[in-house]
Amino acid sequence: MRYWLMKSEPAEFSIDDLACAPRRSAAWTGVRNYQARNFMRDDMRSGDRAFFYHSSCAVPGIAGIAEIAKSAYPDPTQFDPGDEYFDPKATRDRPRWFSVEVKLVAKTRLVPLPELRARRQLADMRLLARGNRLSITPVTAAEWKFILRLMKKPAGGGS
DNA sequence: GCCAACGTTGGC
DNA sequence: GCCAACGTTGGC
C-alpha cells in the first residue's frame, strides 16, 4: 500500500464536501498536470491512503484522510465540451487525463502548512520541496506515521 | 495583488 | 531540440 497527499482548493472541493458526498466518496477529477496524472494512473491502487490537503485558502494544510476506492479510469470531464476541464485533444480511444475515486476515512484537526514545515522529520517531504506545485505527491510510510501522530496532538503542541 | 517557481507552447 | 514568452500554482 502506498501513501499520497492530494491537494484541493476548498472553495472548489473541500473535505466537508467529501464528507457530505454519497457514501462519502467522490471522483477526483480535473488533474491536468502530467506528473500528477502519472502518479494517479501508474502508481495509485485501490486501498492506498491519502492526506486531503487544502490549498489556496486562508489556512492551507492537511484536513483529513482519504482512501483510494477505485484506481485510475479516464477523467470524464476531458470529454465534455461544456466543462471547464474539457480537453479538445483527448479522445475516448486515447484519453489523456485520469481520475480516481476517493473515499473519506476521517476528517482530522487541520494541520497547517507552517506546522508541517516546522518538523524536521518532514524536512524531505515532497509537498514541502522548494517550488513544488504538484497537486498529487507521494508520502513515505515514515512521514505518514509521523503526521498521524501529529494529528492527535493539540494545535501547535510542542515536542 | 504580488511574486517565485515551474510547466507548456510554439517559432525557429 | 532550444528557448523565450506566456500561463498556472499557491503561499504570503
Side-chain angles (χ1 to χ4, degrees), chain A residues 2-21 26-44 48-66 68 72-102 104 106-140 143-144 146-151 153-158:
Chain A
R2 300 191 195 214
Y3 301 104
W4 306 95
L5 182 140
M6 302 171 83
K7 291 184 190 172
S8 183
E9 300 186 17
E12 298 297 318
F13 188 75
S14 72
I15 190 101
D16 290 322
D17 293 326
L18 184 59
C20 291
W28 202 266
T29 60
V31 171
R32 293 296 181 270
N33 169 281
Y34 288 104
Q35 242 183 306
R37 177 203 69 180
N38 293 348
F39 280 137
M40 270 201 305
R41 187 191 58 188
D42 303 335
D43 298 326
M44 272 190 179
D48 284 2
R49 296 237 158 165
F51 289 128
F52 193 119
Y53 180 91
H54 281 174
S55 67
S56 291
C57 56
V59 187
I62 296 173
I65 299 166
I68 307 305
Y73 59 94
D75 180 342
T77 64
Q78 71 193 304
F79 306 125
D80 178 0
D83 194 280
E84 63 171 314
Y85 291 110
F86 176 62
D87 183 345
K89 291 179 181 170
T91 65
R92 303 256 174 198
D93 284 347
R94 304 199 67 179
R96 179 179 289 199
W97 306 111
F98 289 81
S99 294
V100 295
E101 190 80 11
V102 161
L104 183 68
K107 193 176 163 180
T108 65
R109 93 170 163 89
L110 195 133
V111 184
L113 180 60
E115 191 176 334
L116 298 171
R117 286 202 188 282
R119 301 294 179 152
R120 66 183 175 282
Q121 293 91 335
L122 301 177
D124 295 328
M125 217 184 155
R126 187 78 173 267
L127 168 76
L128 307 179
R130 175 187 171 82
N132 171 63
R133 294 187 324 191
L134 272 183
S135 63
I136 295 178
T137 49
V139 172
T140 69
E143 290 160 353
W144 182 268
F146 184 80
I147 291 170
L148 285 190
R149 285 204 308 273
L150 209 52
M151 285 168 161
K153 296 180 180 178

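A, B, ... follow the sequence lines: proteins, then strands. Residue 1 opens every chain.
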A:F13: ring-ring contact (aromatic ring centres under 6.0 Å, His included) partners, not counting sequence neighbours: none
Neighbours of DNA chain C within residues 50-61 of chain A, by heavy-atom distance under 4.0 Å: A:Y53, A:S55, A:S56, A:P60
Got a list of side-chain donor-acceptor pairs under 3.5 Å for residues 132-140 of chain A, not counting sequence neighbours?
| unit_1 | atom_1 | unit_2 | atom_2 | d |
| --- | --- | --- | --- | --- |
| A:N132 | OD1 | A:L134 | N | 3.2 |
| A:N132 | ND2 | A:L127 | O | 3.3 |
| A:T140 | OG1 | A:E143 | N | 3.0 |
| A:T140 | OG1 | A:E143 | OE1 | 3.3 |

Residue list, ring-ring contact (aromatic ring centres under 6.0 Å, His included) with A:Y53, at least two apart or on another chain: none
Quick one: which protein N/O atoms are closer than 3.5 Å to N/O atoms of nucleotides 7-10 of chain B? Pair and distance per line, please.
| unit_1 | atom_1 | unit_2 | atom_2 | d |
| --- | --- | --- | --- | --- |
| B:dG7 | O4' | A:R133 | NH2 | 2.9 |

Whole-Å distance separating the CD atom of A:E9 from the P atom of C:dC12: 15 Å
Please tabulate, one pair per line, all N/O donor-acceptor pairs under 3.5 Å involving side-chain atoms of residues 76-89 of chain A, not counting sequence neighbours.
| unit_1 | atom_1 | unit_2 | atom_2 | d |
| --- | --- | --- | --- | --- |
| A:T77 | OG1 | A:R32 | NH2 | 2.9 |
| A:T77 | OG1 | A:D75 | OD1 | 2.7 |
| A:T77 | OG1 | A:D75 | OD2 | 3.3 |
| A:Q78 | OE1 | A:R96 | N | 2.9 |
| A:Q78 | OE1 | A:W97 | N | 3.0 |
| A:Q78 | NE2 | A:D75 | O | 2.9 |
| A:Q78 | NE2 | A:W97 | O | 2.8 |
| A:D80 | OD1 | A:G82 | N | 2.8 |
| A:D83 | OD1 | A:Y85 | N | 2.7 |
| A:D87 | OD1 | A:K89 | N | 2.9 |
| A:D87 | OD2 | A:W97 | NE1 | 2.8 |

Residues in salt bridge (charged side-chain N to carboxylate O under 4.0 Å, His left out) contact with A:R49, at least two apart in sequence or another chain: A:E67
side-chain hydrogen bond (donor to acceptor under 3.5 Å, both in side chains) involving A:D17 - partner list, sequence neighbours excluded: A:S14
Ring-ring centroid check A:W4 A:F51, cutoff 6.0 Å: no
Results of salt bridge (charged side-chain N to carboxylate O under 4.0 Å, His left out) for A:D16 - residues two or more places apart only: A:K107
